[in-house]
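Just so we're clear, the structure is a prediction, and the values are computed from it rather than from any experiment. Counting starts at 1 for both ligands and their atoms, following the listed order.
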Amino acid sequence: MPANSKQRLVWHDVTLFDGHDTLPEPMAVIVAGDTIERVVPMHELDPNESAGCRILGQGGVMTPGLVDCHTHLVFGGSRADEFERRLEGASYEEIARRGGGILSTVRATREASEEQLFSLARPRLEALLRDGVTTVEIKSGYGLSVADELKMLRVARRLGEELPVRVVTTLLGAHALPPEYQDDSDGYIDLVCREMIPAAAAEGLADAVDVFCEKIAFSVAQCERVFEAAEAHGLPIKAHAEQLSNLGGSAMAARHGALSADHIEYLDEAGVNALREAGSVAVLLPGAFHTLRETQLPPIAALREAGVPMAIATDANPGSSPLFMPTLMLNFACTLFRLTPREALAGMTAHGAQALGLHNRQLGRIVPGAPADLCLWDIGSPAELAYAVQPGRLRQRIYGGEPTHVQEQH
Ligand code: NIG
Ligand code: FE
């Protein structure tokens, strides 16, 4: 049945967080097909207007479907052993230098077939959906060869085809130096620029291009080459930058009009200004901060003062953030980074969408014309979502106007 001939849906008396703010009075929301048609205070709702609608809910807190704008959900293997080594005293950087860390996941990911990677990633993604996610970004970056990076991106695309969620893919070829290029990092960057990006673009497999700009990964100059190649193929860019040190990667990415700079614990004043001028989003990843027991906080006050939009994401990955629970990240954003619950929620809705370049379609908002991706929560106020860490509060999850509650599908 075409979307526009479907019966309209209505929710009554919801406390509404619209992606930016909590509205001051109980609201009604009407959805037609896959789009939000009307958002109106209850006392202004004309009974005739909702007469032909199917009432889908009453009360509770409604938020936009959550947008997890930074994940590495597709990977082989496990890094529980590395977790144990870190507890015995090894640092993330030491483990990476000894061929562990990202490279151990690269070995396992290269060995896995597309089918195996899909089966491994599916339950991880389902965990996100059960916690309210309706849009997720998934990066490659554990293949590090043309064939293996494309394999990862195909798995990410297929996840979006088979599960009720919008998947945005990002090519992260410049994530780590693969062993076969050990003494030739510029040669590997050539491969990323001349073969990987063109191949991913030709197959329509990447929606954006990312880099890891860090001493243990790639230099600012190397990342800039990757961005130039992405631009030549019309692909937007973003960067893992200023996570472990301040190299100036965020400012360089901003000069190239990056959608976002991610991690940014070591971002300085000049970097904050560069993000503001470029309109880039600051993506904060409290899960990695927590797992790596970092102590350097991202410059929240400066970002807030400069008006740089802050997004929050899980960074779900096998090493630095094996955390597959977006609402826990809302809590961490408040407890670890001192964001307000309102800022944290905006970070996983409107600002998460902006970090993916999807805000022009009003994704991550509850306003007329926005995609009907919604969550209805059994809580008393939006702040409770960040305040308590409590699975099971998602009453309804609406994706593209379709009620889909993943828990009920099993
Ligand atoms: O976002 N910072 C680099 N990349 C990932 C970590 C990936 C891994 O450890 O496997 C991150 O934290
Ligand atoms: Fe990451």
Side-chain angles (χ1 to χ4, degrees), residues 68-83 85-86 90-110 117 120-121 124 136-144 148-149 152 156 168-178 208-218 223 226 237-247 249-250 253 258-267 281-294 296 298 311-324 326 329 332 352 355-356:
D68 191 352
C69 69
H70 180 140
T71 85
H72 309 248
L73 281 183
V74 175
F75 60 86
S78 156
R79 303 243 291 276
D81 56 336
E82 176 187 312
F83 179 68
R85 291 224 302 282
R86 282 211 306 273
S91 77
Y92 182 70
E93 278 175 283
E94 273 160 27
I95 289 169
R97 283 212 185 84
R98 289 197 209 121
I102 293 175
L103 287 183
S104 88
T105 301
V106 171
R107 285 190 291 277
T109 303
R110 285 179 172 182
L117 288 175
L120 289 167
R124 298 174 193 137
V136 64
E137 184 256 19
I138 303 179
K139 299 176 195 296
S140 65
Y142 294 120
L144 310 185
D148 290 307
E149 287 291 298
M152 290 187 71
V168 176
T169 61
T170 301
L171 174 66
L172 177 56
H175 192 198
L177 192 61
V209 170
D210 196 350
V211 296
F212 186 15
C213 188
E214 194 56 67
K215 286 180 204 146
I216 55 167
F218 299 99
C223 293
V226 174
I237 56 148
K238 46 182 53 231
H240 286 72
E242 272 70 69
Q243 180 188 10
L244 308 169
S245 61
N246 180 13
L247 299 186
S250 301
L259 288 171
S260 67
D262 302 36
H263 287 289
I264 60 166
E265 278 84 347
Y266 286 82
L267 190 71
V281 175
V283 177
L284 307 176
L285 304 169
F289 178 90
H290 161 83
T291 302
L292 301 179
R293 304 186 74 231
E294 295 290 344
Q296 171 82 26
I312 303 295
T314 60
D315 193 17
N317 77 65
S320 65
S321 190
L323 304 169
F324 301 84
M329 299 305 120
F332 278 5
L356 298 177

Is any N or O atom of His72, backbone or side chain, closer than 3.5 Å to an N or O atom of ligand 1?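 Looking only at distances, the answer is yes, because the N/O contact criterion of under 3.5 Å is met.
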Specify whether Phe75 and Tyr142 have parallel, tilted or perpendicular ring planes, treating 30° as the upper limit for parallel and 60° as the lower limit for perpendicular. perpendicular
For the residue pair His70 and His263, categorise the inter-ring angle as parallel (less than 30°), tilted (30 to 60°) or perpendicular (more than 60°).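 It falls in the perpendicular class, over 60°.
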Atoms in ligand 1 flagged as close to [X], the criterion being non-hydrogen separation under 4.0 Å:
| X | answer |
| --- | --- |
| His263 | 1 (O), 2 (N), 11 (C), 12 (O) |
| His70 | 1 (O) |
| His175 | 3 (C), 4 (N), 5 (C), 7 (C) |
| Tyr142 | 7 (C), 8 (C), 10 (O) |

For the residue pair [X] and [Y], what are the closest heavy atoms and their distance?
| X | Y | answer |
| --- | --- | --- |
| Ile216 | Ala96 | CD1-CB, 4.4 Å |
| Ile102 | Arg79 | N-NH2, 3.7 Å |
| His72 | Pro318 | O-CD, 4.4 Å |
| Ile237 | Ala253 | CD1-O, 3.8 Å |
| Ala156 | Thr169 | CB-CG2, 3.8 Å |
| Asp315 | Ala288 | OD2-CB, 3.6 Å |

What is the distance from atom OG1 of Thr170 to atom CG of Asp262, rounded to the nearest 0.5 Å? 9.0 Å
What is the number of protein N/O/S atoms located under 2.8 Å from the Fe ion (ligand 2)?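 Atoms of protein N, O or S type lying less than 2.8 Å from the Fe ion (ligand 2) total 4.
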Which protein non-hydrogen atom lies closest to [atom], naming both residue and atom, and how far is it?
| atom | value |
| --- | --- |
| atom 9 (O) of ligand 1 | Tyr92 OH, 2.7 Å |
| atom 11 (C) of ligand 1 | Asp315 OD2, 3.2 Å |
| atom 2 (N) of ligand 1 | Gln243 OE1, 2.9 Å |
| atom 12 (O) of ligand 1 | Ser320 OG, 2.5 Å |

Tell me whether Arg85 contacts the main-chain N or O of Ala90 through its side chain, where contact means a donor paired with an acceptor under 3.5 Å.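 No, because the side chain of Arg85 does not come within donor-acceptor range (under 3.5 Å) of the backbone of Ala90.
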Is a side-chain donor-acceptor pair under 3.5 Å present for Thr71 with Glu137?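 Side-chain D/A pair, Glu137 to Thr71: absent.
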Within reach of ligand 1, part of Phe75 (heavy-atom separation under 4.0 Å):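 For Phe75, no heavy atom sits under 4.0 Å from ligand 1.
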Considering only heavy atoms, does Glu214 approach ligand 1 within less than 4.0 Å through its side chain, its backbone, both, or neither? neither
Does ligand 1 have an atom that lies less than 4.0 angstrom from a heavy atom of Thr105? no
